[in-house]
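Have a look at the structure below before the remarks.
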Amino acid sequence: QRLFQALQMFKREAGILLVVLNHSGDIMSANMACQLAERTGIKVKTILTHDDISAGLDAPDEDRRGLAGCVPLIKIVGAAAEEGKSLDEIIEIGERLAVAMKSCTHPQNGMTISDLPDGEIEIGMGQHGEGGGGRKQLVSADETAEEMIGLLMKKLQPKAGSKALL
């Protein structure tokens with residue numbers, strides 16, 4: 001209901017782009033709000049983020065969680081909107097993007113949701129504490145970045161001249 005109320009507040013002739021993280025509750029809320037919006041004449045389109053590669057390089061998009069990749073996505077599509085791009089052009093730009101680390105706490109009570117011992121890391125841990133690509137001993141930031149970028153490049157297989165936001 002609150003998401004639908006937000007869509008009502010931001011109703012624009014050009015339409016609204018709703019960025020949805022690939023989590024079942026987020027998807028359910030977005031689908032319900034978009035259906036209500038459509039019934040009331042609000043033009044809404046969505047981009048579903050699924051930027052986490054910790055589920056495996058060959059995992060289908062629907063098995064990939066939406067994580068921190070939504071932050072640069074929102075900045076980029078927002079800039080495209082400010083440039084006057086159409087909703088369809090903004091979606092095309094936004095769907096080209098993709099990326100994910102550490103234990104999290106519950107926002108209401110501050111309790112730890114998952115336990116990650118000192119000296120260990122888990123590349124790709126979900127924002128709700130879901131397991132990522134496996135735990136390992138803490139290494140330097142450079143080594144961690146090298147591993148993460150290596151996995152990402154293996155998945156994306158960029159060609160010479162390709163552009164990426166890391």
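- Contact between A80 and I90 at its shortest, heavy atoms only, is CB-CG1, 4.0 Å.
- A donor-acceptor pair is defined here as one N or O able to donate and one able to accept, closer than 3.5 Å; such a pair exists between the side chain of S162 and the backbone of K159.
- When all heavy atoms of D26 and L21 are compared, the pair lying nearest together is CB-O, 3.5 Å.
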Quiz prompt | Test log, rule side chain to side chain contact (heavy atoms under 4.5 Å, CB included), inputs E38 and V44 | solution = CA-CA 7 Å; E38 187 177 308; V44 182; over 6 Å; no
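- In this structure, K43 NZ and L7 CG are separated by 14.0 Å, a value rounded to the nearest 0.5 Å.
- Counting heavy atoms from C-beta on, the side chains of K45 and D88 come closer than 4.5 Å.
- The CG atom of N31 lies 10.0 Å from the CG atom of L3; values are rounded to the nearest 0.5 Å.
- L73 and V71 fall into different hydrophobic clusters, where Ile, Leu, Val, Met, Phe, Trp and Tyr residues are linked whenever their side-chain heavy atoms come under 4.5 Å apart, directly or through other members.
- By the 6.0 Å contact criterion, CD on E146 is open, its count of non-hydrogen atoms from other residues, nucleotides or ligands being 12 or less.
- The cluster map of Ile, Leu, Val, Met, Phe, Trp and Tyr, joined by side-chain heavy atoms under 4.5 Å apart, puts M32 and M9 in different clusters.
- Atom CZ in F4 sits 5.0 Å away from atom CG in L36 (nearest 0.5 Å).
- Exactly one of I42, T46, V20 qualifies for a side-chain contact (heavy atoms from CB on, under 4.5 Å) with C34. That residue is T46.
- Taking NE2 of H23 as the reference point, atom CG of L48 lies at 9.5 Å (rounded to 0.5 Å).
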